[in-house]
There are 2 protein chains.
Amino acid sequence: MDLAVNEPLTEETADLRDLADSIGFMARLAQVHTYETFFEDLGAYGLRPGEFSTLLLIGRNPGIRQGMVAQILRIKPAHMTKLVRSFEDRQLVERTIPDHDRRSVQLSLTTSGLDFIEEHRSAFAQHEINLRSTLTAPELRTLMQLLRKYVGFDWEEES
Amino acid sequence: MDLAVNEPLTEETADLRDLADSIGFMARLAQVHTYETFFEDLGAYGLRPGEFSTLLLIGRNPGIRQGMVAQILRIKPAHMTKLVRSFEDRQLVERTIPDHDRRSVQLSLTTSGLDFIEEHRSAFAQHEINLRSTLTAPELRTLMQLLRKYVGFDWEEES
DNA sequence: CTGAAATTGTTTACTAGGATAATGTTTTGA
DNA sequence: TCAAAACATTATCCTAGTAAACAATTTCAG
């Protein structure tokens, strides 16, 4: 059982069986890589990935219910409440209680919120370009399609 | 500006531009899907994905330095310390201070740790099968290869 | 119809996971 | 031998998750 004074085991020499072949582990690496790139590209703007996505989604869908935003972005409703409050504090998002269902909350961007998105849209586009930099265009299309299939996204590519 | 009494905007009818085409967002969905499946399949065993990976990696590489485990699994060293302590408390992992560098910590599985892995290896394999269930074998190979390329993994498929 | 029970949408209170920054030790290098 | 670097740990904090509570709406038995 002498495992003592052998090689020091680097990232290259370690035995990565069970991991390198695990789709679950690769999904984690992809997520970590995405986060790191996000903070390099957009970290200076004071929002995290989930917050950025939330603003984009509300911008595209004014009046969308808060719970629907949570469901689409896979954010827990309880956490969504906190995000929305912080957006309100920063004057980026408005909450409206609709008459037809006074339990629910409808969200839309304020003028500042719209400005924020417009100001950072090109930075966000550049971020996506950076994320894709290691892939060719066909590879990217294949990867996106397979990821959709992996997560069980219904919408198949319409031919 | 009447966005009031229109459609209620479901997950199908919402405008998902900026998101559906975002590789970053898809990476998040993949990660969430992986987590959910993990807890369905292996949640009953009391370990989370990162803990499971840690045990597997140590099992394959007895004597590996703690910091190397952190680096490979993309876990912060400070957090690794807590994980290792909890493994020690549960008698799954042993820490050794090697003579040749007494700053570092070498990790290996205890007998219970080895037992734990052996007992759950087939469940872990089944979990991977479940994760892959929406993909064909060639699709899976392509996906893994593209994910490696996406995250900047050096090792290309040797032909 | 009417009112109680169940459901839906959100919020609050609590807890835990994981990140950052600073510290302690040992080793390396000038 | 002293300064800098490397490895791990500690202390602190913040993000995000779970469970319970609250309020409004819908369902359904009578």
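Keep in mind that what you see is a predicted model, and the values were worked out from it rather than measured. Naming convention: chains lettered A, B, ... in sequence-line order (proteins, then strands); numbering from 1 in each chain.
Taking only side-chain nitrogens and oxygens, B/Arg48 comes nearer than 4.0 Å to OP1 or OP2 of C/dG17.
Atom pair B/Tyr35:OH and D/dA16:C1' shows a separation of 12 Å (rounding to whole Å applied). Taking atom CZ on A/Phe39 and atom C1' on D/dT15, their separation rounds to 11 Å, with Å as the unit. The CD-P distance, from A/Glu36 to C/dA19, rounds to 11 Å in whole Å. Across the protein-nucleic acid pair, B/Gln31 atom CD and C/dG17 atom C1' stand 14 Å apart, rounded to whole Å. The CZ atom of A/Phe87 sits 14 Å away from the C1' atom of D/dT15 (whole-angstrom rounding). To the nearest angstrom, C1' of D/dG17 lies 13 Å from CG of A/Leu83. Rounding to whole angstrom units, NZ of residue A/Lys76 and C1' of C/dG17 are separated by 15 Å. The distance from atom CD1 of B/Ile97 to atom C1' of C/dT27 is 14 Å, rounded to the nearest whole Å.
A distance of 8.0 Å separates CZ in B/Phe52 from OH in B/Tyr45, rounded to the nearest 0.5 Å.
With 3.5 Å as the limit, one finds no donor-acceptor pair spanning the side chains of B/Gln66 and B/Ser104. If you check the side chains of A/Thr136 and A/Glu139, you find a donor sitting under 3.5 Å from an acceptor.
Exactly one of A/Phe39, A/Tyr35, A/Phe38 qualifies for a ring pair (Phe, Tyr, Trp, His ring centres under 6.0 Å) with A/His127. That residue is A/Phe38.
In this model, no side-chain donor or acceptor of B/Lys82 finds a partner on the base of C/dG17 within 3.5 Å.
Scanning all heavy atoms of the two residues, the minimum distance from A/Arg102 to A/Ile97 falls at O-CG2, 3.6 Å.
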* Contact state string [nucleotides 4-9 of chain D, B base, S sugar-phosphate only, - no protein heavy atom under 4.0 Å] -> --BSSB
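Judged by distance alone, with hydrogens and angles left aside, the side-chain atoms of A/Thr110 form no donor-acceptor pair with the main-chain N or O of A/Glu94 at under 3.5 Å.
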